[in-house]
Amino acid sequence: MTGDHGHHQVESGSRLNDSHKHKDKHKDKEHRHKDHKKDKEREKSKYTNSEHRDSSEKKHKDREKERAKHREDSSERHKEKKREEKLKSHSSNGKHKREKENGYVSYIKTEEDNGYYNPTKQEKTVKRERDDDESEYKSKKIKVEKEHKVKKRKQEEDYDDYEEEEDVKPKKKSKEKKEDAAGGKKKGKKEPEEKWKWWEEERYTDGSKWRFLEHKGPVFAPPYERLPENVRFYYDGKPMKLTEQAEEVATFFAKMLDHEYTTKDIFRKNFFKDWRKEMTFEEKSRITDLNKCNFVEMSEYFKVQSENRKQMTKEGKQKIKEENERLVGEYGYCLMDNHKERIGNFRIEPPGLFRGRGDHPKMGMLKRRIRPEDIIINCSKDSKHPKPPPGSRWKEVRHDNKVTWLASWTENIQGSIKYIMLNPSSRIKGEKDWQKYETARRLKKCVEKIRAQYRDDWKSKEMRIRQRAVALYFIDKLALRAGNEKEEGESADTVGCCSLRVEHISLHPEMDGQEFVVELDFLGKDSIRYYNKIPVEKRVFKNLQLFLENKQPEDDVFDRLNTSILNKHLQELMDGLTAKVFRTYNASITLQQQLSQLTTPEDNVPAKILSYNRANRAVAILCNHQRAPPKTFEKSMQNLQAKIDAKKDQLSAAKKELKSAKADAKAMHDEKSKKAVETKKKAVQRLSEQLMKLEVQATDREENKQIALGTSKLNYLDPRISVAWCKKWEIPIEKIYNKTQREKFAWAIDMADKDYEF
DNA sequence: CCCATCACTTAGAATAACGACG
DNA sequence: CGTCGTTATTCTAAGTGATGGG
């Protein structure tokens, strides 16, 4: 897998140095003694056990001890308080409800003329109360008032142009689609929603996610089609006809034959075991060795098939496309609170072989086919319930409006639940996303205080507090993930901050001319390697030394900490604060800073975009968002270089021509030659612009070799920062966000102006 | 408290669609 | 008008964190 990815110590390591630079002014007091004793105790209790692996047991014991020691400690009181609060909020929630029962729900239908939903007629008085940001709230109101006067929303701001353009096209299409699909009902009107601005409406405050939900249920994987007779499976060199069940599973393997997965031992073992479960007694007794199985004919067959698909005529492709659109039209949307919303994944995952990431102990296992009987449907009681396919039934139909999913099933590999949910452009996802950034902005207001506090806690005499403080420092400075504990053997061995082990960290009192360097090397989410060398403050360093003392490589660094403890602490520091908020906060604030640092007002558009990408890249590096270098990377780089060279030649040729034209003009003094000069000048200018564009592109691409920008853009960067930047520098928003992204961030595009500050 | 369960966000790879170019 | 390379979309795995029952 992509185990050995890049090294990026510089950027992420140095990012926060400014804010942390008051190096060791105080002397590092030695609390070591006390802690040391504790450690010894712990070590004893642990290692008397012949099996010293079980760190959770260790933690458990420690926690008990800790508890005994600090029985009087405040945590009890906190709990009490929380319980009270909970009760309070519960009852108030009850009252809260929504005063305006269905103000949300009914206006839409009546509000349209000639097929255009006109937002201006709506009751705008209902402003959503945002729990967290008043300024936000006010500015929104102003904005709305402005909109009152524009009926068809003339382009009062440039970004609206794009939006208009962009939206008109698909909309016309979807209008037709929607009609024959779920549309129809409720007054049978045409497409009411042109750009529904859910962000200008009130949110539910009672914890419910919707009032009305209707959908058609999921689309199931197509049934298995048997192979033609001439495509055979061979066992031990002899052709062997398999039963349908066994054959289907065999095709899963055959389809992956030239993937390196199939060479891995665990994969093969798991596959074979599960495959045999699908075999009849006869098959089972004959097929006993995977190495004697020959899937090559099957594999070839599928290759030819996909080749054929590619070679298909235009009409054939068109047909498939239309059929697909029909399916999307019928099943791809739902009706939620009177708005038609796109579903994110309405297709049930087809059966196949499980492909875990990294060193996954379950790779190759059979992911079984999902039937209607496995599906739980969620919709509102008063909706038209989805019909199960003929001859089948749903596992259950429920009406739970405290959740957002439309359907769910339990997957057989890990036993986890899979959901069908709405598209990111939907209200329900958008609101949550917006809220996430508001929480991060609230953190901005108190982050310095929190930093001061954890720095202070580095000196605490309690081990658990020190650990908590150092972990939090990592999470803040390095944007590490929280690191929940995972069940061993259930998935790849990856870690986050709280689950870091001794083997992942090495301490260098001095390295490359720097003091107190911490070297981190571990596999994080998706088994992506995190490798970083970070100079830290002395106190952190000393603490880490202490944490590592007398431990085995496989022991936890933070043995008195877990995510739940950490998050409980964070919750006390700020409402809604959890470890992941730091990632969002640091990502967004970094983008904002980098943008203001990197953008040169005089630059032209491509150069500004390069700056944007660089700012984006700084964030991706911080968050360790990597990708495998594209297979065609080298080649495409060469191509680009060739283009650049060609352009250079053209340019110098053009320059020469310009020169001689000038000479001509000087000699001739006539209009014609003067004009020629002008033309040549223009040509040179054009060429040099093109050259520079290419060069910028090359730089950008090179720097991006194994860095993935998409993830941070989609999940960590407050879109309003980008929108504001675009407005400020008059960069078309399309240069930054593609269509999907613009749909997801419609709320931000609509509400952020050029002065927005995260 | 502690663990399992549930809901939901975040993630990179695979695949499909698009568009520039010969 | 096909081919190739890039970009967008789809897919689903793998995280986080809340909750509730024992």
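First the proteins, then the strands, lettered A, B, ... as listed; each starts at 1.
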[X] side chain near [N] phosphate (N/O to OP1/OP2, under 4.0 Å):
X      : N      : result
A/S564 : C/dG17 : no
A/Y716 : B/dT9  : no
A/N715 : B/dT9  : no
A/T563 : C/dG17 : no
A/K580 : B/dT10 : yes
A/R481 : C/dG17 : no
A/K310 : C/dG2  : no
A/H259 : B/dA14 : yes

So [X], base contact, sugar-phosphate only, or nothing? Heavy-atom distance under 4.0 Å.
X      : answer
A/G524 : sugar-phosphate
A/K713 : nothing
A/T494 : sugar-phosphate
A/G483 : sugar-phosphate
A/A579 : sugar-phosphate

Collect all protein-nucleotide pairs involving nucleotides 16-22 of chain B in which both atoms are nitrogen or oxygen and the distance is under 3.5 Å.
none

Give me the atom names and distance for the closest heavy-atom approach of [X] to [Y].
X      : Y      : answer
A/H360 : A/R357 : CB-O, 4.0 Å
A/L523 : A/S527 : CD2-O, 3.8 Å
A/L366 : A/I413 : O-CD1, 3.6 Å

* **Close aromatic pair by centroid cut-off 6.0 Å: A/H625 and A/Y716** =>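 Distance test on ring centres: under 6.0 Å, yes.
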* Any idea which of B/dT10, B/dA11, B/dT9 is nearest the A/K436 side chain? ->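 Looking only at heavy atoms from C-beta outward on A/K436, the closest nucleotide is B/dT10.
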* Asked: Out of B/dC8, B/dG12, C/dT6, which nucleotide sits closest to the side chain of A/I528?
  ->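 That would be B/dG12.
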* To do: On the 0 to 90° scale, with breaks at 30° and 60°, tag the A/F271-A/F253 ring pair as parallel, tilted or perpendicular.
  =>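 It falls in the parallel class, under 30°.
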* Asked: In terms of the angle between their ring planes, are A/H504 and A/F522 parallel, tilted or perpendicular, with boundaries placed at 30° and 60°?
  ->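 Ring orientation, 0 to 90° scale: perpendicular.
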Could you tell me how far apart [X] ([atom1]) and [N] ([atom2]) are, to the nearest whole angstrom?
X      : N      : atom1 : atom2 : answer
A/I475 : C/dG17 : CD1   : C1'   : 13 Å
A/R742 : C/dT7  : CZ    : P     : 16 Å
A/R701 : C/dT7  : CZ    : C1'   : 11 Å
A/K631 : C/dG5  : NZ    : P     : 14 Å
A/L709 : C/dT7  : CG    : C1'   : 13 Å
A/N586 : B/dT10 : CG    : C1'   : 17 Å
A/N484 : B/dT10 : CG    : P     : 14 Å
A/L717 : B/dT10 : CG    : P     : 11 Å

Just the table, please: protein N/O against nucleotides 10-13 of chain C N/O, every pair under 3.5 Å.
residue, atom, partner, partner atom, Å
C/dA13, OP1, A/K367, NZ, 3.1
C/dA13, OP2, A/K418, NZ, 2.3

* To do: Give a yes or no answer on whether the side chain of A/R627 reaches the backbone of A/N704 with a donor-acceptor pair at less than 3.5 Å.
  =>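 The answer is yes, because a donor-acceptor pair under 3.5 Å joins these two groups.
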* Asked: Counting heavy atoms not belonging to A/K402, are there more than 12 under 6.0 Å from its NZ?
  ->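 Atom NZ in A/K402 is crowded, with more than 12 foreign heavy atoms closer than 6.0 Å.
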* Sequence neighbours excluded, which residues qualify as side-chain hydrogen bond (donor to acceptor under 3.5 Å, both in side chains) partners of A/K367? ->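 For A/K367, the residues satisfying side-chain hydrogen bond (donor to acceptor under 3.5 Å, both in side chains) (neighbours in sequence not counted) are A/E349.
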* Pairing residues for A/R369 by the side-chain hydrogen bond (donor to acceptor under 3.5 Å, both in side chains) criterion, not counting sequence neighbours ->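 Applying side-chain hydrogen bond (donor to acceptor under 3.5 Å, both in side chains) to A/R369 gives A/E248.
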* Taking it one step at a time, do A/K362 and A/E490 satisfy salt bridge (charged side-chain N to carboxylate O under 4.0 Å, His left out)? -> CA-CA 7 Å; A/K362 299 196 171 180; A/E490 290 294 298; 3.0 Å; yes
* Asked: Taking DNA chain C as the partner, which of residues 398-409 of chain A come within under 4.0 angstrom of it by heavy atom?
  ->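 Per residue number, the list is empty: none.
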* Rounded distance [0.5 Å steps], CZ in A/R720 versus CH2 in A/W747 ->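 Reported value, rounded in 0.5 Å steps: 4.5 Å.
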* Can you check salt bridge (charged side-chain N to carboxylate O under 4.0 Å, His left out) on A/K705 and A/E634, steps first, answer last? -> CA-CA 10 Å; A/K705 183 171 179 179; A/E634 285 311 323; 3.4 Å; yes
* **Residue closer to the 5' end of DNA chain C, A/L577 versus A/K486 (nearest nucleotide)** =>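 Nearer the 5' end of the strand: A/K486.
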* Let me know, please, whether A/I428 or A/E487 comes out on the 5' side of the other along DNA chain B by nearest nucleotide. =>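 The 5'-side residue here is A/E487.
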* How would you list, by chain and number, every residue that makes a ring pair (Phe, Tyr, Trp, His ring centres under 6.0 Å) with A/Y301, sequence neighbours excluded? ->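 Partners of A/Y301 under the ring pair (Phe, Tyr, Trp, His ring centres under 6.0 Å) test: none.
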